[in-house]
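Positions are given from 1 along the sequence.
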Amino acid sequence: MYCEKSIYLLLYKQEQMFYFHFRGGYMDFSHMSFEQFKSRFSSEDHCIQYIFHMKWPKGFICPRCSHRHAYTTKTRRLPLYECGQCRYQASLTSGTIMEGSRTELYKWLLAIFLVSRTDEGTTATGLSSLIQVTYKTAWLILHKIRSMIQNSDTQNPLSGSVRIHSAIYGRPFNPSVHRHPQEHLLLVGSSSSEANESNYLKIKHVQLPTPKDRHISRNEIHIFRKQHIETDTQNVEIVTGFYTPKRLRPLIEIARQASNWINHTFHGLGTKHLQAYLDEFCYRRNLTTRNISIFVHLSQLCFPKTGVHIII
């Protein structure tokens, strides 16, 4: 198991190694435009090099016997690597987000790049136009990317000093005791360092059994703690009242920013996909506040190196 500092160092080293060896130049993805990115990954060969590096940063290692030499078969659309010792055949896309897909590699990388931009989100309609695929294919690509983000979030529980506050997504805001059908209750959780700085954020959609209920019960809070906070965490502050003077205003502001981002990018959402977009918002924010390249980190989730658990 890697500690957080060692993971950050691993991310930094892998990013730098790629910068200086891939196509012989330095690439800062965070400041790269869409057109610049397209020119960098203008062919399938360039994409193959990048994905191969993400899967095997120190060179090929057989998934079965750990042998380090392979014969490459290039007669297929994508290369196949046959272990020189046990003859196991490893596909470039096996175990990745693209396994079984016929969509070109550069279109997948373009989609990951667009999702990784910090200034705006990406819709299926916009993606289908930019990478020239059908709406159905664009939606499936984004769904798979967001699934990787959600899987990453479930593996990173809150710890240390944790603060939780209730919030609402959706309009109109209904000041009565009953919840409007377009209002969705949220729990915003944040873990803080010893310097009281937020270092990890989660926003979870709370679906109550009673449709009009606006009160988050102890049971929902217990479920949140069980699923999203480390079991041995002792310092947990919870505020669920909307009008209490004990309100944690920084968490309320974060919930407002998430709502604005969702409404601006996706023009509002219903219950079915709300959680996926809340997780995407938190993922962007968690990496941005730590100055970690979203594209590189997201690439590591989508094209994982065998045996490495990526921690944010």
Subject >> Short side-chain donor-acceptor distance under 3.5 Å, Y106 and H46 >> reply: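 Not at all, the side chains of H46 and Y106 share no donor-acceptor pair under 3.5 Å.
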
**OP:** Say whether S39 and S42, considering side chains only, have a donor N or O and an acceptor N or O under 3.5 Å apart.
**Re:**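 No, because no side-chain N or O of S39 sits under 3.5 Å from a partner of the opposite role on S42.
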
Look at the side chain of [X] and the backbone N and O of [Y], then say whether any donor-acceptor pair between them is shorter than 3.5 Å.
X    : Y    : value
E44  : L105 : yes
R68  : K58  : yes
R284 : V115 : yes
T93  : T96  : no

Original post:
Name the one of H228, K204, Q275 that satisfies side-chain hydrogen bond (donor to acceptor under 3.5 Å, both in side chains) with D153?
Top reply: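 Of the listed options, the one satisfying the test is K204.
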
Subject >> Nearest-0.5 Å distance, CD of residue E280 to CD1 of residue I262 >> reply: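 With rounding to 0.5 Å, CD (E280) is 9.0 Å from CD1 (I262).
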
Original post:
Distance from L127 atom CG to L142 atom CG, nearest 0.5 Å?
Top reply: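 Here the interatomic distance stands at 5.0 Å.
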
So, for [X] and [Y], is the gap between ring centers shorter than 6.0 Å?
X    : Y    : answer
F295 : Y50  : yes
Y169 : H205 : no
Y81  : Y71  : no
Y135 : W139 : no
F37  : F113 : yes

Do you know the tightest heavy-atom contact between [X] and [Y]?
X    : Y    : result
S166 : I216 : CB-CD1, 3.7 Å
L92  : K55  : O-CD, 3.1 Å
I145 : I97  : N-CD1, 3.4 Å

**OP:** Please determine if K202 and D279 form a salt bridge, counting it only when a charged side-chain N lies under 4.0 Å from a carboxylate O.
**Re:**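 No, K202 and D279 are not salt-bridged.
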
**OP:** Any chance you could lay out the side chain to side chain donor-acceptor pair (under 3.5 Å) test for Y88 and H67, step after step, and finish with the verdict?
**Re:** CA-CA 10 Å; Y88 177 81; H67 189 65; over 6 Å; no

**OP:** Report the C-alpha separation of F266 and H273 in whole Å, then their side-chain angles, then the decisive distance to 0.1 Å, and conclude whether the ring-ring contact (aromatic ring centres under 6.0 Å, His included) test is met.
**Re:** CA-CA 11 Å; F266 308 104; H273 301 296; over 10 Å; no

Original post:
If you count the non-hydrogen atoms of other residues, nucleotides and ligands that lie under 6.0 Å from NE2 in H143, is the total more than 12?
Top reply: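 Open: at most 12 neighbouring heavy atoms sit under 6.0 Å from NE2 of H143.
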
